[in-house]
Amino acid sequence: MIIDSHIHLHPTEKVGKMVVEMIKEKHGVDYYSYGTPDDYLKDMKNAGIDKAIMVSFAPDNQLKNNNFWTVAITRPGKNRPAKYPMFIPFISVSPTMTGRKPLEELEHKLKWDMKGVKIHPVAQKFAPDDELMWPVYQWLTDHDLPITAHSGMNIDTNSTYGEPNRWLPVLEDFPELKLVLAHLGNGFWDQTVEIADKYPQVMFDTAIAISHINSPTTLDDEEAADLIRTIGPERVMFGSDYPWVDPKNDIEHIKNLPIPQKSKELILGENAKGFLNL
């Protein structure tokens, strides 16, 4: 089984084009696709991907609508099957979101079968160690649900809230929190190793960090293999960061890394399967 643990999807081609073109114009980051569900469905079939985790987020004033769409497309209706049952929905919350408060939103979307939470502290402009988020972490711990968080450098080179070590106070207070640090810490490799050593329950995804693309924080093959060996292949999950990356190329890249075959199988799907109890 291959599981892509890090994809961003957009409800329409118009919305997707607006988002990726805006980011390209503002930050010079190219993209692979507009990122509609049907776009990814074609790409996941081409790449042999079985399931994928939706980790989209949105500005505070659009957060609830984005969450609603995320869960709505992955669950069955009264008289119809789910349109995209192969997608695993993570919703997003922030301490400054409008309307429902974070815990209210979590309880509401739990009834709609959301499977976890995604936050992007840099883009959403709040610190992961802001104690306003403590009730969210407690709720997730109580419900045994995971949280994926952007970590490391952002596309605008800002890392104010992105450094992995911002999670140390959180993990100190919530040692059972099921945390996934996206991008393997994206440039802050020493902090990644520190957290992995101190908190064995923390997982990491490969998005951008171990990729066929050439970005400033992408590890070369030897560096990637060394980091995987250091933190343990059982702690790393494949993530593409679609629609900015072609998942098939990233899968092939991971298959060609100088690590044992078993490690590749763990990274490409077995770890995510176990982590999410699939």
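One-based numbering along the sequence shown. Everything numeric here is computed off the predicted structure, so don't read it as measured data. Only this structure's heavy atoms are used, side chains among them; waters, hydrogens and symmetry mates stay out.
By the 6.0 Å contact criterion, CG on Asn214 is open, its count of non-hydrogen atoms from other residues, nucleotides or ligands being 12 or less. Residue Glu25 places its CD atom among 12 or fewer non-hydrogen atoms of other residues, nucleotides or ligands, all under 6.0 Å distant.
In this model, a donor atom of one side chain and an acceptor atom of the other lie less than 3.5 Å apart for Ser92 and Gln124. Between the side chains of Asp4 and Ser240, at least one donor N or O lies within less than 3.5 Å of an accepting N or O. In the model, Tyr137 has no side-chain atom that pairs as donor or acceptor with a side-chain atom of Glu176 under 3.5 Å. Side chain to side chain, Tyr161 and Asp129 fail the donor-acceptor criterion of an N or O pair below 3.5 Å. Residues Asp221 and His253 have side chains that bring a donor and an acceptor to within less than 3.5 angstrom of each other. A donor atom on one side chain and an acceptor atom on the other are not found under 3.5 Å apart for Asn271 and Glu234. Side chains of Glu107 and Trp139: a donor on one and an acceptor on the other come within 3.5 Å. Side chains of Asp142 and Gln138: a donor on one and an acceptor on the other come within 3.5 Å. Between the side chains of His8 and Asp241, at least one donor N or O sits under 3.5 Å from an acceptor N or O.
At least one donor-acceptor pair closer than 3.5 Å links the side chain of Asp220 to the backbone N or O of Glu223. Looking only at distances, no side-chain donor or acceptor of Lys118 sits under 3.5 Å from a matching main-chain atom of Ala149. Thr217 contributes no side-chain N or O that, together with a main-chain N or O of Ala209, makes up a donor-acceptor pair within less than 3.5 Å. Formation of a donor-acceptor pair under 3.5 Å by the Asp205 side chain with backbone atoms of His183 is found in this model. Side-chain atoms of Ser151 come within 3.5 Å of backbone atoms of Ala182 as a donor-acceptor pair (strictly under, hydrogens ignored). Under the 3.5 Å distance criterion, the side-chain polar atoms of Asn256 are matched with a main-chain donor or acceptor of Glu252. Without hydrogens or angle criteria, Ser94 side chain to Met97 main chain gives a donor-acceptor distance under 3.5 Å. The backbone N or O of Gly239 sits less than 3.5 Å from a side-chain atom of Thr206, completing a donor-acceptor pair.
Residue pairs that meet the side-chain hydrogen bond (donor to acceptor under 3.5 Å, both in side chains) test with at least one member in residues 41-59, sequence neighbours left out, are Tyr32-Asp43, Asp43-Tyr242.
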Salt bridge (Lys or Arg N to Asp or Glu O under 4.0 Å) between Lys101 and Glu105, intermediate numbers included:
CA-CA 6 Å; Lys101 300 303 181 185; Glu105 180 70 351; over 6 Å; no
How far apart are the C-alpha atoms of Asn66 and Thr70, what are their side-chain angles, what is the distance that settles it, and do they pass the side-chain contact (heavy atoms from CB on, under 4.5 Å) test?
CA-CA 6 Å; Asn66 189 72; Thr70 297; 3.9 Å; yes
After noting the C-alpha distance and the side-chain angles of Val122 and Thr160, does the key distance pass the side-chain contact (heavy atoms from CB on, under 4.5 Å) rule?
CA-CA 7 Å; Val122 180; Thr160 303; over 6 Å; no
Begin from the C-alpha positions of Thr148 and Val117 and carry the test side-chain contact (heavy atoms from CB on, under 4.5 Å) through to its verdict.
CA-CA 6 Å; Thr148 293; Val117 167; over 6 Å; no
Please report the C-alpha distance between Asp60 and Thr98 in whole Å, then the side-chain angles of each, then the deciding distance to 0.1 Å, and finally whether the side chain to side chain donor-acceptor pair (under 3.5 Å) criterion is met.
CA-CA 6 Å; Asp60 279 352; Thr98 57; over 6 Å; no
Trace of the side-chain contact (heavy atoms from CB on, under 4.5 Å) decision for Ile228 with Ile267
CA-CA 10 Å; Ile228 289 169; Ile267 293 167; 3.7 Å; yes
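When hydrophobic clusters are built by joining Ile, Leu, Val, Met, Phe, Trp and Tyr residues whose side-chain heavy atoms come closer than 4.5 Å, directly or via intermediates, Leu179 is not grouped with Met203. There is a path of hydrophobic side-chain contacts, each under 4.5 Å, that joins Phe204 to Ile147. Met54 and Val19 are assigned to two separate hydrophobic clusters, defined by single-linkage of ILVMFWY side chains at heavy-atom distances under 4.5 Å. Both Leu106 and Ile119 are assigned to one and the same hydrophobic cluster, defined by single-linkage of ILVMFWY side chains at heavy-atom distances under 4.5 Å. In the hydrophobic clustering of ILVMFWY residues, with side-chain heavy atoms under 4.5 Å counting as a link, Leu181 and Ile53 come out apart.
In this structure, the side chains of Lys178 and Leu140 stay at 4.5 Å or more apart for every pair of heavy atoms. Annotation: side chain of Leu171 is in contact with side chain of Gln201 (closest heavy-atom distance under 4.5 Å). At least one side-chain heavy atom of Phe238 sits less than 4.5 Å from a side-chain heavy atom of Asp250. In this structure the side chain of Val15 never reaches within 4.5 angstrom of the side chain of Tyr34, judged on heavy atoms. Contact check for Val29 versus Lys24: no side-chain heavy atoms found under the 4.5 Å cut-off. Contact annotation: the side chain of Val180 never approaches that of His6 to less than 4.5 Å [non-hydrogen atoms, C-beta and beyond]. The side-chain heavy atoms of Asp39 and His10, taken from C-beta on, include no pair separated by under 4.5 Å. Using a 4.5 Å heavy-atom threshold, the side chains of Gln191 and Glu163 count as touching.
Between Phe57 and His120, the two ring planes are tilted [angle within 30° to 60°].
Between the OH atom in Tyr84 and the OH atom in Tyr40 there is a gap of 13.5 Å [rounded to 0.5 Å]. The structure places CG of Leu266 at 13.0 Å from CZ of Arg235, a figure rounded to the nearest 0.5 Å. The structure places CG of Asp144 at 7.0 Å from CG of Asn277, a figure rounded to the nearest 0.5 Å. To the nearest 0.5 Å, atom OG1 of residue Thr36 and atom NZ of residue Lys14 are 15.5 Å apart. How far CH2 of Trp189 is from CG of Leu227: 6.5 Å, rounded to the nearest 0.5 Å. Separating the CD1 atom in Ile254 from the CD atom in Glu265 is a distance of 13.0 Å, to the nearest 0.5 Å.
When the side-chain contact (heavy atoms from CB on, under 4.5 Å) test is applied to His108, the partners found at least two apart in sequence or on another chain are Arg100, Trp112.
Considering all non-hydrogen atoms of both residues, Ala52 and Met44 come closest at N-CE, 4.4 Å. In plain terms, the two heavy atoms of Ser211 and Thr218 that are nearest each other are O-CG2, 3.6 Å. Minimum heavy-atom separation, Asp246 to Lys248: OD1-N, 3.0 Å. In terms of heavy atoms, Pro146 sits closest to Phe90 at CG-CZ, 3.6 Å. Across every non-hydrogen atom of Arg80 and Ala72, the tightest pair is NH2-O, 4.2 Å. Scanning both residues, Pro102 and Val136, for their nearest heavy atoms gives CB-CG2, 3.8 Å.
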